[in-house]
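Basis for what follows: all heavy atoms, side chains included, without hydrogens, waters or symmetry-related copies. None of these values were measured; they are calculated from a predicted model.
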Amino acid sequence: MSNPFKQDDNIDNQENIENNHEENSDGTQNETEESELDLQKKYEELNNQYIRLAADFDNYRKRQAQERESLLKYGAESTLKKIIEVLDNFERGEKANETVEDCEKVKESFNLVHKQLIDVLSKAGLELIEAEGREFDPNYHEAVMQTPTSEYPEHTIIAELQKGYKMGDRVLRPALVNVATAE
């Protein structure tokens, strides 16, 4: 069964809504429309700002990717230019060796070019890993031999079989070493 009071309440609520609508039509409705227009303008401005920022970020990301690719592709350019100079000196030495009979001159030329190459590579960041006489460190050394001995403390590098190199804190090639063990 329906409630007769509820129907009257619905009629009263509808009259209140109509009265409020009539009151709003006096002046507050215009204010509401104006505030809606202001909100719409602000929304459009913010949306345009967002679109521009998104486009700027996308362009930035693309530029960074291009720069990274260029750096990977041409990053070694200056080092290679310096190594070319060393290569030129090797070729000059090779031509000079054809007419040189003094072995000491050849040896001296070889040592000069070797020193030049080491200088170029160390300026590029290449560092020699110290090995002989030091304590074995698996981060920098690779033990390929172990020799039982009482002449050296245990875990000391007796001999360096191949030089190791690093660049900064990154090992490029570990030093191959012979390590002392207890007898």
Side-chain angles (χ1 to χ4, degrees), residues 43 45-183:
Y43 168 78
E45 286 176 20
L46 289 173
N47 193 38
N48 288 337
Q49 249 182 336
Y50 168 75
I51 290 170
R52 280 192 298 273
L53 280 173
D56 286 346
F57 180 73
D58 191 45
N59 290 338
Y60 169 77
R61 189 179 47 78
K62 288 176 184 175
R63 269 193 319 273
Q64 288 298 103
Q66 286 175 339
E67 287 175 12
R68 197 171 29 253
E69 184 179 317
S70 176
L71 184 62
L72 288 173
K73 192 173 183 179
Y74 300 109
E77 181 179 356
S78 65
T79 303
L80 290 174
K81 284 180 179 179
K82 293 174 186 172
I83 292 175
I84 288 172
E85 294 172 16
V86 176
L87 186 61
D88 290 342
N89 286 336
F90 269 118
E91 290 172 356
R92 286 185 199 106
E94 187 178 41
K95 286 181 184 176
N97 283 341
E98 294 171 2
T99 60
V100 173
E101 294 178 20
D102 185 10
C103 194
E104 281 301 312
K105 291 278 188 191
V106 173
K107 189 176 178 182
E108 185 180 314
S109 297
F110 174 81
N111 289 338
L112 284 172
V113 174
H114 183 256
K115 184 185 178 319
Q116 182 186 15
L117 180 60
I118 289 173
D119 289 345
V120 166
L121 293 174
S122 52
K123 285 179 184 172
L126 187 70
E127 299 173 48
L128 182 65
I129 295 174
E130 298 292 327
E132 199 164 332
R134 304 217 180 231
E135 186 172 340
F136 176 76
D137 182 351
N139 296 316
Y140 297 105
H141 309 115
E142 185 177 332
V144 292
M145 293 177 64
Q146 293 182 343
T147 305
T149 182
S150 59
E151 294 179 31
Y152 296 95
E154 193 172 4
H155 302 297
T156 301
I157 298 172
I158 298 172
E160 182 179 55
L161 306 172
Q162 185 180 47
K163 292 182 181 200
Y165 296 96
K166 65 181 182 171
M167 184 172 176
D169 60 348
R170 183 175 287 185
V171 174
L172 300 177
R173 181 177 79 185
L176 301 181
V177 295
N178 181 3
V179 180
T181 57
E183 283 187 293

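- Annotation for E67: atom CD counts as buried by contact number, over 12 foreign heavy atoms lying within 6.0 Å.
- Going from atom CG of N111 over to atom CD of E104 covers 9.5 Å, rounded to the nearest 0.5 Å.
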ask   = Given K81 and E77, is the salt bridge (Lys or Arg N to Asp or Glu O under 4.0 Å) satisfied, shown in steps?
value = CA-CA 6 Å; K81 284 180 179 179; E77 181 179 356; 3.4 Å; yes
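- Salt bridge present: K62 and D58 bring a charged side-chain N and a carboxylate O closer than 4.0 Å.
- Rounded to the nearest 0.5 angstrom, L176 CG and M145 CE are separated by 11.5 Å.
- Contact check for V171 versus N139: no side-chain heavy atoms found under the 4.5 Å cut-off.
- Summarising the geometry of T149 relative to A180, their closest heavy-atom pair is CG2-CB, 3.6 Å, with the distance given to 0.1 Å.
- For the residue pair A131 and A175, the shortest heavy atom distance occurs at CB-CB, 4.2 Å.
- Summarising the geometry, atom CD belonging to E160 is positioned 7.5 Å from atom NE2 belonging to H141; distances are rounded to the nearest 0.5 Å.
- Between E91 and K95, none of the side-chain N atoms (NZ, or NE/NH1/NH2) sits under 4.0 Å from a carboxylate O, so this pair counts as no salt bridge.
- Between K123 and D119 there is no salt bridge, since no side-chain nitrogen of the basic residue lies less than 4.0 Å from a carboxylate oxygen of the acidic one.
- Between the side chain of H155 and the backbone N or O of D137 there is no donor-acceptor pair closer than 3.5 Å.
- Note: I51 CD1 to Q49 CD = 11.0 Å, rounded to the nearest 0.5 Å.
- I129 is not listed as a side-chain neighbour of Y165, based on a closest heavy-atom distance of 4.5 Å or more.
- Between atom OH of residue Y140 and atom CG of residue D169 there is a gap of 7.0 Å, rounded to the nearest 0.5 Å.
- At least one side-chain heavy atom of E85 sits under 4.5 Å from a side-chain heavy atom of Q116.
- In terms of heavy atoms, I158 sits closest to V179 at CD1-C, 4.2 Å.
- With sequence neighbours excluded, no residue forms a side chain to side chain donor-acceptor pair (under 3.5 Å) with D88.
- Partners of N48 by side chain to side chain donor-acceptor pair (under 3.5 Å), not counting sequence neighbours: none found.
- The structure places CD of E101 at 8.5 Å from OG1 of T99, a figure rounded to the nearest 0.5 Å.
- Every residue was checked against the side chain to side chain donor-acceptor pair (under 3.5 Å) condition with E69, not counting sequence neighbours, and none meets it.
- The closest donor-acceptor contact from the side chain of R134 to the backbone of I157 lies at 3.5 Å or more, if one exists at all.
- Distance alone, capped at 3.5 Å, is enough to place a donor-acceptor pair between the S109 side chain and the K105 backbone.
- Between Q64 and Y60 there is a side-chain heavy-atom pair separated by less than 4.5 Å.
- Under the 4.5 Å side-chain criterion, counting only non-hydrogen atoms from C-beta, I118 is not in contact with L126.
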